Amino acid sequence: MEIVKTIGDMKALRRQMRGQVGFVPTMGYLHEGHLVLVRNSRKGNDHTVASIFVNPTQFGPKEDFTAYPRDPERDFAMLEREEVDAVFIPGAGEMYPPGFDTWVEAGKITERLEGAVRPGHFRGVATVCTKLFNIVEPDRAYFGQKDAQQVTVIIKVVRDLDMNLEIVVVPTVREADGLAMSSRNVYLNPMERKAAVILWKALSTADKLWAGGESNADRIRGEMMTTIEKEPLAVIDYVSVADTETLEELEVINRAALVSLAVKFGRTRLIDNIVLKK
Ligand code: PAF
């Protein structure tokens with residue numbers, strides 16, 4: 001497995017790759033969810049490139065950029081075991097040299113849900129993914145459904161800017177009790193970790209109501225909030241039932257709906273979602 005630190009070296013390595021290239025962009029501190037993306041890429045392509053870059057432009061000034069967990073040696077060992085061809089691990093100065101000032105904005109959908117709470121977050125994500133796609137030139141890039149709005153934004157950017165790659169969305173990988181895998185789960189203390197299962201319970205409540213014929217979005221949001229409020233350590237940021245493409249809140253679920261939530265446990269903010277399909 002090649003470990004590549006500069007854009008020039010990554011482009012040179014990419015030029016040597018024959019056949020289809022799959023790409024898994026990450027911020028490192030890998031878990032099973034990332035490895036499932038890698039395995040999907042390995043299955044569908046001749047080569048797989050992963051990147052590790054804690055992207056400073058997608059963190060707000062009061063967010064956890066400095067505290068974000070990092071362990072590149074452990075990540076390399078995990079990627080090596082998965083037989084990844086190359087890991088691109090640039091420094092911040094390589095990706096954002098002095099004078100860098102060109103940004104990718106994906107419009108209205110970046111202002112809702114996560115975007116409303118984390119202004120500028122999706123501008124950072126869209127910009128870094130555009131740069132990474134230009135550097136790695138993959139045929140396919142793999143993203144987890146866990147970050148549903150990120151997936152919606154990336155698909156829109158790729159479509160709107162006529163980029164030459166396919167975005168493959170991989171189902172969320174969960175712990176045995178239903179908690180979605182996330183690098184940020186390490187921030188939870190044992191009590192918060194136990195409490196965090198309420199996210200999955202709330203999403204399952206929505207799923208059951210929908211399966212039972214409920215299509216009133218307000219009633220579903222209400223039942224989810226009631227479920228979460230039973231957990232004293234949980235502080236709700238938002239509970240949403242929205243159109244999967246525009247991310248506009250729905251009154252009636254008459255098309256595919258993204259049911260998503262963001263909840264804080266102490267200082268840790270977790271997100272999760274499911275899609276209700278017609
Ligand atoms: O999902 C992530 O880990 C990041 O947002 C991504 C896509 C690697 C961009 O920095």
Side-chain angles (χ1 to χ4, degrees), residues 4 7 10 22-38 40-41 48-60 63-72 74-76 78-79 84 86-96 100 102-106 109-110 113-115 117-136 138 140-158 161 163 165-173 180-187 260 262 268-273:
V4 186
I7 293 170
M10 187 61 238
F23 176 47
V24 182
T26 82
M27 297 206 300
Y29 213 71
L30 305 179
H31 51 68
E32 186 63 19
H34 295 111
L35 301 186
V36 169
L37 300 181
V38 166
N40 272 273
S41 171
T48 290
V49 177
S51 64
I52 298 175
F53 180 60
V54 186
N55 174 34
T57 66
Q58 69 188 71
F59 289 80
E63 292 183 17
D64 57 343
F65 173 68
T66 326
Y68 196 84
R70 292 163 170 89
D71 193 345
R74 176 177 155 275
D75 293 342
F76 294 155
M78 290 168 90
L79 293 171
V84 162
V87 189
F88 179 48
I89 177 160
E94 180 74 4
M95 292 296 274
Y96 299 110
F100 178 93
T102 300
W103 302 97
V104 180
E105 301 267 8
I109 57 164
T110 67
L113 303 174
E114 286 301 283
V117 190
R118 307 181 67 188
H121 170 67
F122 288 112
R123 179 174 100 141
V125 170
T127 303
V128 83
C129 286
T130 301
K131 283 174 69 69
L132 290 167
F133 295 161
N134 285 338
I135 296 163
V136 177
R140 291 178 196 87
Y142 293 77
F143 290 85
Q145 171 64 26
K146 147 103 182 2
D147 295 306
Q149 189 174 8
Q150 167 166 283
V151 166
T152 309
V153 169
I154 301 297
I155 290 173
K156 183 167 171 53
V157 168
V158 166
L161 299 183
M163 291 179 177
L165 77 156
E166 182 193 341
I167 300 300
V168 183
V169 185
V170 177
T172 304
V173 181
M181 289 199 184
S182 162
S183 303
R184 288 190 167 101
N185 290 352
V186 294
Y187 297 152
S260 64
T268 308
R269 184 173 177 279
L270 299 180
I271 58 170
D272 200 354
N273 70 85

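Note that the structure is predicted; figures quoted are calculated from it, not measured. When a ligand or atom number is given, it counts from 1 through the structure's own listing order. All residue numbers in this chain count up from 1 along the given sequence.
Atoms of ligand 1 found under 4.0 Å from any heavy atom of Val128 (numbered from 1 in listed order, with element): 9 (C), 10 (O). Using a 4.0 Å cut-off to heavy atoms of Phe143, the atoms of ligand 1 that qualify are 7 (C). Taking a cut-off of under 4.0 Å to the non-hydrogen atoms of Gln58, the atoms of ligand 1 that pass are 4 (C), 5 (O), 9 (C), 10 (O).
When only non-hydrogen protein atoms are considered, atom 5 (O) of ligand 1 lies nearest to Gln150 OE1, 2.6 Å. Atom 3 (O) of ligand 1 has its closest protein heavy atom at Met27 CG, 3.5 Å.
Ion pairing between Glu114 and Arg269 holds under the 4.0 Å rule for side-chain N and carboxylate O.
Aromatic ring orientation, Tyr96 versus Trp103: parallel (interplanar angle below 30°, classes split at 30° and 60°).
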Begin with the C-alpha distance, continue with both residues' side-chain angles, and end with the deciding distance and a verdict on side-chain contact (heavy atoms from CB on, under 4.5 Å) for Leu132 and Met95.
-> CA-CA 9 Å; Leu132 290 167; Met95 292 296 274; 3.7 Å; yes
Does the side-chain contact (heavy atoms from CB on, under 4.5 Å) test come out yes or no for Phe23 and Leu165, once each step is laid out?
-> CA-CA 10 Å; Phe23 176 47; Leu165 77 156; over 6 Å; no
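An N or O contact shorter than 3.5 Å is missing between Asn55 and ligand 1 by distance.
Taking each heavy atom of His34 and Ser183 in turn, the nearest pair found is CE1-OG, 3.7 Å. Annotation for Pro25 and Phe143: closest pair CG-CZ, 3.6 Å, computed over non-hydrogen atoms.
Contact annotation for Thr26 and ligand 1: only backbone heavy atoms (N, CA, C, O) come within less than 4.0 Å of the ligand.
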